[in-house]
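Source: prediction; values computed, not measured. Along the sequence shown, residues carry numbers from 1. Just follow the structure's listing: the first ligand is 1, and inside any ligand the first atom is 1.
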Amino acid sequence: MSYDIAVIDGDGIGPEVIDAVRPLVDKTAKRHGFEIERTNYSWGSTRFLEEGAMMPENGIDRLAGHDAILLGAVGHPDVPDHVTLHGLLLPIRKGFDQRICRRPSVLFEGIESPLRGYSGGEIDFVVFRENTEGEYADVGGREHRREGHELAVQTSVFTREATETIVRAAFEAAADRESHLTNITKSNAQAHSMVFWDEVVTEIGEEYPGIEVERLLVDAASMDLVRRPEEFDVLVASNLFGDVLTDLGAIVSGSLGLAPSANITEGNAPSMFEPVHGSAPDIVGKGVANPLATVLSTALLLDHLGESVASDRLWAIVREQLAEPDAPRTPDIGGDATTTEVVTDLVSRL
Ligand code: NAD
Ligand code: IPM
Ligand code: MN
């Protein structure tokens with residue numbers, strides 16, 4: 001079996017972590033009897049600075065035929081973030097209807113949470129984030145810029161189709177994990193979109209009578225993810241809330257450098273896998289970016305392709321490495337190893 005993967009390494013530490021995990025992915029494939037064929041797309045801010053666009057006009061069409069996409073990170077200090085992200089990452093998520101963003105937060109054994117008193121395994125939840133609309137809808141505009149009464153409008157968009165998709169995916173995950181679901185909104189203030197969202201949760205919840213649903217407002221949920229993270233299992237939230245809560249989830253589980261992400265489409269188009277973190281301009285070029293978020297994103301990719309044994313193996317060697325106090329680890333999780341040293345050690349564990 002051979003899989004055809006589009007690789008967009010992007011900006012900043014994106015190329016560092018994507019390059020680093022390559023030998024690990026190749027060896028995993030070999031061990032488990034499949035092949036990974038890569039097509040590298042060097043799209044991103046360097047291309048923007050040279051050619052005026054993050055990707056070619058037919059970029060989405062070129063990605064469409066691949067089995068999956070692996071992405072590093074997007075964002076460059078010399079280009080405004082709304083330009084880079086609206087030029088590459090967001091059009092892919094939207095263009096392929098990657099409505100289901102799945103982001104696990106796991107406190108591994110051997111990792112210290114900044115929260116006192118938690119040990120490995122005690123924090124383990126997954127956020128289901130709507131990924132194509134909501135607060136990220138590209139609907140709005142600016143007017144009267146030079147007239148002293150400037151205005152900006154940014155409209156949120158919530159469709160029944162996308163809301164049902166993400167809510168159903170979250171209920172399915174809660175059913176698989178034999179657990180409960182936490183629905184996170186801001187229905188007290190946003191009386192249209194979020195009350196609609198809550199109604200969809202109630203409707204779909206009727207199909208899952210065994211699953212208990214907890215409802216939290218996003219402000220209280222942010223507090224509770226710090227106060228009692230161990231009680232969360234599956235969370236569902238809109239695009240922006242899910243974005244904020246997953247950086248929080250990453251840090252309570254030890255580091256943004258450990259947090260993977262899957263952007264799943266239900267259609268025939270490719271799904272995309274990427275670390276939760278960005279291009280980290282503060283550490284770029286130093287060789288110390290934690291590659292584990294990308295390793296685990298690759299594990300989510302392999303699972304999505306049906307290679308669940310290979311995927312489980314990647315999770316297992318990451319767990320094993322982190323549990324060993326003397327194994328190499330990057331500075332974000334308290335070590336002094338380089339990106340490459342961490343991956344070389346993982347390769348030897350295969
Ligand atoms: P960031 O995630 O890039 O960095 C936040 C902090 O976490 C920094 O201190 C960084 O050094 C650290 N960090 C991130 N990844 C790490 C890793 N693998 N190992 C060790 N430390 C790591 O977020 P930011 O600073 O807000 O954004 C930087 C740029 O990235 C911006 O242009 C932003 O728009 C973009 N961004 C892109 C994505 C994406 O491509 N998916 C996600 C988030 C931010
Ligand atoms: C993420 C990032 C992106 C998002 C940005 C870079 C647009 O923060 O993947 O978490 O908000 O989705
Ligand atoms: Mn984010």
Side-chain angles (χ1 to χ4, degrees), residues 8-21 43-46 48 54-55 69-94 98-105 111 114 127-138 237-251 253-263 272-298 300 318 328-343:
I8 307 171
D9 57 3
D11 303 329
I13 63 167
E16 297 178 25
V17 289
I18 293 284
D19 280 358
V21 304
W43 300 343
S45 296
T46 306
F48 180 88
M54 296 291 287
M55 64 174 164
I69 305 165
L70 179 65
L71 181 129
V74 180
H76 189 288
D78 296 343
V79 192
D81 283 337
H82 67 277
V83 173
T84 53
L85 275 314
H86 282 272
L88 185 54
L89 178 68
L90 299 175
I92 299 173
R93 290 182 186 165
K94 292 180 187 197
Q98 294 168 346
R99 293 175 183 156
I100 303 170
C101 180
R102 183 155 76 89
R103 297 187 158 182
S105 278
I111 290 293
V127 176
F128 281 79
R129 163 192 187 190
E130 198 292 317
N131 214 28
T132 58
E133 53 172 45
E135 306 88 345
Y136 283 34
D138 198 15
S238 63
N239 209 338
L240 179 62
F241 294 171
D243 175 46
V244 175
L245 295 172
T246 50
D247 265 31
L248 185 53
I251 197 62
S253 328
S255 174
L256 204 42
L258 296 171
S261 174
N263 307 286
M272 178 163 69
F273 300 82
E274 51 171 329
V276 171
H277 65 71
S279 55
D282 53 334
I283 57 167
V284 72
K286 296 184 178 160
V288 295
N290 192 336
L292 296 182
T294 306
V295 172
L296 295 176
S297 301
T298 309
L300 297 179
V318 168
R329 54 174 67 200
T330 45
D332 57 304
I333 49 173
D336 58 5
T338 63
T339 309
T340 318
E341 284 164 349
V342 171
V343 178

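No side-chain donor-acceptor contact under 3.5 Å links Asp9 to the backbone of Gly72. For the pair Glu16 (side chain) and Gly285 (backbone), a donor-acceptor distance under 3.5 Å is present. Asn239 contributes a side-chain N or O that, together with a main-chain N or O of Glu133, makes up a donor-acceptor pair within less than 3.5 Å. Between the Glu341 side chain and the Pro328 main chain, no donor and acceptor come within less than 3.5 Å of each other. A donor-acceptor contact shorter than 3.5 Å is absent between the side chain of Arg102 and the backbone of Phe128.
Short contacts between ligand 1 and Val276, defined as distances under 4.0 Å to a heavy atom of the residue, involve ligand atoms 42 (C). Distances below 4.0 Å separate heavy atoms of Pro281 from the following atoms of ligand 1: 28 (C). Close approach of ligand 1 to Gly75 is summarised as follows: ligand atoms under 4.0 Å from at least one heavy atom of the residue are 32 (O). With ligand atoms numbered from 1 in the order given, ligand 2 contributes 4 (C), 11 (O), 12 (O) to contacts under 4.0 Å with heavy atoms of Tyr136. Less than 4.0 angstrom separates some heavy atom of Arg129 from each of these atoms of ligand 2: 1 (C), 4 (C), 9 (O), 10 (O), 11 (O), 12 (O). Close approach of ligand 1 to Ala73 is summarised as follows: ligand atoms under 4.0 Å from at least one heavy atom of the residue are 40 (O). Of all atoms in ligand 1, listed by their number and element, those nearer than 4.0 Å to a heavy atom of Leu256 are 2 (O), 5 (C), 7 (O). Shown in contact with Ala280 at under 4.0 Å from a heavy atom are these atoms of ligand 1, numbered in order with element: 3 (O), 10 (C), 11 (O), 14 (C).
Ligand 1 lies nowhere less than 4.0 angstrom from a heavy atom belonging to Ala293. Using a 4.0 Å cutoff on heavy atoms, Arg103 counts as a contact of ligand 2.
The option from Thr294, Asn290, Asp247, Val284 that lies nearest to atom 17 (C) of ligand 1, judged by heavy atoms, is Asn290. Among Ile283, Val74, Ile251, Leu71, the residue whose heavy atom lies closest to atom 40 (O) of ligand 1 is Val74.
Taking atom 41 (N) of ligand 1 as the reference point, the nearest protein heavy-atom neighbour is Glu274 OE1, 3.1 Å. Closest protein heavy atom to atom 5 (C) of ligand 2: Leu85 CG, 4.2 Å. Of the protein's heavy atoms, Asp81 OD1, 2.6 Å lies nearest to atom 32 (O) of ligand 1. Looking from atom 14 (C) of ligand 1 to the surrounding protein, the closest heavy atom is His277 CB, 3.6 Å. Of the protein's non-hydrogen atoms, Ser279 OG, 3.2 Å is the one closest to atom 29 (C) of ligand 1. In terms of protein heavy-atom proximity, atom 2 (C) of ligand 2 is closest to Asp243 OD1, 3.9 Å. Shortest contact from atom 8 (C) of ligand 1 to any protein heavy atom: Asp282 OD2, 3.4 Å. Among protein heavy atoms, atom 2 (O) of ligand 1 sits closest to Gly278 N, 2.7 Å. In terms of protein heavy-atom proximity, atom 16 (C) of ligand 1 is nearest to Ile13 CD1, 3.9 Å.
For Arg93, no nitrogen or oxygen atom sits less than 3.5 Å from a nitrogen or oxygen atom of ligand 1, counting backbone and side chain alike. At under 3.5 Å, not a single nitrogen or oxygen of Asn239, backbone or side chain, sits near a nitrogen or oxygen of ligand 2. Between Leu89 and ligand 1, no N or O atom pair is found at a separation short of 3.5 Å. Of the N or O atoms in Leu85, none lie within a sub-3.5 Å distance of an N or O in ligand 1. For the pair Glu274 and ligand 2, the shortest N or O to N or O distance does not fall below 3.5 Å.
At a 4.0 Å heavy-atom cut-off, ligand 2 touches Arg93 through the side chain alone. With a 4.0 Å heavy-atom cut-off, ligand 2 is reached by no atom of His86.
Taking CG of Asn263 as the reference point, atom CD1 of Ile69 lies at 9.0 Å (rounded to 0.5 Å).
The two residues Cys101 and Ser261 come nearest to each other via the heavy atoms SG-OG, 3.6 Å.
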Quick one, Phe48 with Met54, criterion side-chain contact (heavy atoms from CB on, under 4.5 Å). Give me CA distance, side-chain angles, the key distance, then yes/no. CA-CA 5 Å; Phe48 180 88; Met54 296 291 287; 3.6 Å; yes
Stepwise side-chain contact (heavy atoms from CB on, under 4.5 Å) test for Met272 and Leu89: CA-CA 10 Å; Met272 178 163 69; Leu89 178 68; 3.7 Å; yes
Go through Val295 and Val342 one step at a time and tell me if the side-chain contact (heavy atoms from CB on, under 4.5 Å) criterion holds. CA-CA 11 Å; Val295 172; Val342 171; over 6 Å; no
Run the side-chain contact (heavy atoms from CB on, under 4.5 Å) check on Leu70 and Thr298 step by step: do they pass? CA-CA 7 Å; Leu70 179 65; Thr298 309; 4.1 Å; yes
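Within the 4.5 Å cutoff, the side chain of Ile111 has heavy atoms near those of the Arg329 side chain.
At most 12 non-hydrogen atoms from other residues, nucleotides or ligands lie less than 6.0 angstrom from CG of Asp336.
Taking the Mn ion (ligand 3) as reference, the nearest N/O/S atom within Asp243 carries the name OD1.
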